Every structure is written in C-alpha cells, then in structure tokens.
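To keep things clear, I will list the structure first and then write my remarks on it.
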Amino acid sequence: MPTIMITGAAGFIGGHVAREAERRGGLSLRLMSHRRPPAGAAGAGPATAGSATAGPDPATAGPGSGSGFGHGHGPGAVVPGHRTVRADLSDPGSLRGVCEGVDVLLHCASQIGGTPEANEAVNARGTAALMAEARRAGVSRVVYLSTASVYGRGAFRAARPEELVRNPGSPTSGSRARAEDAVLAAGGVVLRPHLVLGDGDRWVVPGLARILRALPGTVEGWAARTSVITAQDLARLLLGAGLAPAGDLTASVYHAAHPAPVTVRTLLGAVAAVAGPAADPAAEDLTAVRARELLAARGIAAQGLDMLTSDHWFDSDPVWRDLRCTPGPDFEAAFKELAEGYRRALLDI
C-alpha cells in the first residue's frame, strides 16, 4: 500500500485530492495542514508540514494567484483514520523527517497573496526545503500544483508549456515559479491549471460575480476563450500524476484543464445565473479601458479583467493522454452540478 502525503490537505484543492484518494482506496494517506486539520482525520504527528496562506483562513491553497482570482478555503478532507501532520513551510526546521516512509508527495500548499516576503518564505524557500526532505527520504514521485499565472497575461491560444516563457506578474506567481524550479530540480512533475471551479471555491466565481455586478454590459463582447477545470477533475489528475508509471509521463510540466476551452460569454452567463441580479448584458458593450474605470470606481481590482478580454486557453491534451484519464463533463454540464452550491455561497457577495 503506497503512502501518499498531501500538503495543504485542508485547503480547496488539497481537500479534493484527499477525498479522491480515499475514493480510490488502497492508499495510505498522510495529510499535511498548517493550522486547521482536515475534517475527520486523525491527530497531528510530531514531524509535520502543511499549507500557509494569507487571509482569514490559513488553510487556503490553490492556483490562480496574482490574477485577480484565486482559490479560497475548502471544506477540508473527510478521510477518517488517516494520519494528519502539521508544520509550517515557512519554518524549514519543522519539516525535518516529514517525508519519512512517503512514496508520493502531492504538494498542494501555497501562499496566496500577502507580502512578497511571505510568498517567498512559503512558496519558494518552503518548497525548496520540502524538496530537500523528499530527496533525503527517497520519495519516488513529487507532483506540484502550480498555476498558469506563472506566464503572466496572454493572449494564449492552445498553448503548450514548451512553447511559453514564464513571465509572472505578481510576487505570488513569481514565488510559485521558483517553487516549480525546486520541484523540477528534484525530478518532480508540475501541473499548471488556470481557473478551477468547485466546492470550496471562494474567489473565482465570487470574483466574477463582483465584476458582473459592477459593469453595465459586456466588455468587447466577452469573446475570449479560457481554460477551466473542476476541482474534482484536477484532483484526479494530481493523484494520477503521482501514481502513474514513470514511462507513461512524457513531460515534467503539464497544463491541467478540460480539453475544451470555454468562451468568457458562456462562463459569465453561468455565473450570472447563480449570482442574482446583474446588468443586462445587452445594454452596452464596453471597451476594456472603460470597464477598468468602472471597476476602479467601485473599488474592484481590475487585474482579472485582462483574463476575460484576451484568450487564456492552454492545451491540456497531453496530461489526459499520458495519465489515460477521461475528462469529466464539459463546462456547462459540470457547472449545473455546482450551481446550487455556488448560489448559496454567493448570497453575501
């Protein structure tokens, strides 16, 4: 029975990964969390590690940072009987011995936002320290949950990792690029999703809802295309990358998204349906410049608008092919399953 360690196991994506591993069965899980233990897990052990993030909930973790969208605190992983360990990625000393007996490390913890120093301490230096522990303990596979935000702003159309140059536009994204370097130097695998939707999302869809409510119409027709993935599908890919035979992996960096991109018009239409009253999208088609002015007047950060007015579409076919996984439902079908949960989450937005 292989032992899998999941960092950020009480966070948005890490929680989904833990539940996916529990569903799969036949795995021994070691769940790492910074402060808040995953729901239903066993008590903390003596040598621990986990996520450290900015904001009111320190168990937050996920991709998309530095973009105007992020990923919020998740429901925690309901995985009774598995070991929980705690530590702080910003304190390398607390990581000593944490990888002993671990076969696969799924590193889903990240600092999202906060000060540049906090991002550097957790994402860059913390990941480097964790990789040193993984090497010392002989961990056979490391998979790091990164973000397509390491590329900065597009346009990106059917883009593959080997065709792109990283150009992070924020301290968070920059530190996560340096975390990637540490993982790749240790022989690990990096997954870069773009927009991740699902139970526990407190930033992507809420952020889109705020933009919709602040604008009196569309922006440049909302014609751009973007890559999305559900947290459940992303969890399947992370776990699959951790367990796949080495010979099946043809790359060390993969984009992680549903193969079919979504138009921003379709994405925002689905969000509008669960977000309540919004401006009539047929009332006016704004320029991006005018939209930024209106968002600024409402105190809403306009960085995310760039993702909605230019293509951010990343080719993810290789990861599905190499892992021999079938993607879940397309965006419209998947969002129908998530709609009621989002409707409840958006009541206070």
Side-chain angles (χ1 to χ4, degrees), residues 62-72 112-113 147-159 164 167-170 172-173 193-198 201-229 257-258 260-314 330-332 334-336 338-339 342-343 345-349:
S65 59
S67 64
F69 303 119
H71 297 276
I112 308 298
T147 168
S149 289
V150 297
Y151 298 125
R153 289 295 156 261
F156 305 114
R157 301 181 180 94
L164 300 177
N167 183 32
S170 73
T172 296
S173 299
H194 182 45
L195 298 182
V196 186
L197 309 174
D201 168 27
R202 298 293 183 267
W203 290 89
V204 176
V205 168
L208 293 172
R210 290 187 184 97
I211 289 176
L212 277 173
R213 291 173 179 176
L215 299 176
T218 60
V219 180
E220 299 180 354
W222 294 135
R225 291 176 293 177
T226 193
S227 286
V228 300
I229 190 170
H258 193 281
V262 179
T263 65
V264 171
R265 179 182 289 275
T266 298
L267 172 62
L268 294 183
V271 173
V274 299
D280 179 1
E284 185 178 357
D285 188 37
L286 307 167
T287 66
V289 171
R290 178 57 179 154
R292 289 189 187 92
E293 293 172 350
L294 291 170
L295 292 176
R298 296 281 295 270
I300 299 174
Q303 298 99 313
L305 190 66
D306 293 336
M307 290 201 306
L308 303 178
T309 54
S310 62
D311 287 335
H312 284 72
W313 169 25
F314 302 95
D330 64 14
F331 168 76
E332 292 181 273
F335 200 86
K336 286 180 181 178
L338 300 171
Y342 272 126
R343 192 172 286 111
L346 293 171
L347 289 176
D348 296 329
I349 298 300

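In this text the structure is predicted, and so the values were computed from the model without any measurement.
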Looking at every non-hydrogen atom in both residues, tell me the closest pair between Q303 and R153 and how far apart they are. O-NE, 4.1 Å

Could you tell me if the side chain of L295 sits less than 4.5 Å from the side chain of L215, heavy atoms only? yes

Under the rule for side chain to side chain donor-acceptor pair (under 3.5 Å), what residues qualify as partners of E293, not counting sequence neighbours? R290

Across all chains, not counting sequence neighbours, the side-chain contact (heavy atoms from CB on, under 4.5 Å) partners of D311 are A155, R157, A224, R225

Minimum heavy-atom distance L267-V262, with the two atoms named: N-CG1, 3.9 Å

Nearest atoms (heavy-atom pairs only) where R292 meets A302: CG-CB, 4.0 Å

Side-chain touch V204/V228, heavy atoms, less than 4.5 angstrom: no

Holding to side-chain contact (heavy atoms from CB on, under 4.5 Å), I want the full list of residues that pass it with D330, two or more places apart in sequence or in another chain. H258, E332, A333

Quick one: side chain to side chain donor-acceptor pair (under 3.5 Å) partners of T263, sequence neighbours excluded? T266

Working to the nearest 0.5 angstrom, can you tell me the gap between L197 CG and I229 CD1? 9.5 Å

Tell me, please, which residues at least two apart from T226 pass side chain to side chain donor-acceptor pair (under 3.5 Å). H194

Donor-acceptor contact below 3.5 Å, side chain S173 vs main chain G169: no

Nearest atoms (heavy-atom pairs only) where L268 meets L212: O-CD1, 3.6 Å

Suppose we screen for ring pair (Phe, Tyr, Trp, His ring centres under 6.0 Å). Which residues come up paired with Y151, at least two apart in sequence or across chains? F156, H255, F314

What is the distance from atom OG of S227 to atom CE of M307, rounded to the nearest 0.5 Å? 11.5 Å

At their closest point, which heavy atom of L346 faces which heavy atom of P206, and how far apart are they? CD2-CA, 3.6 Å

Looking only at heavy atoms, what is the nearest atom pair of V271 and L208, with distance? CG2-CD1, 3.9 Å

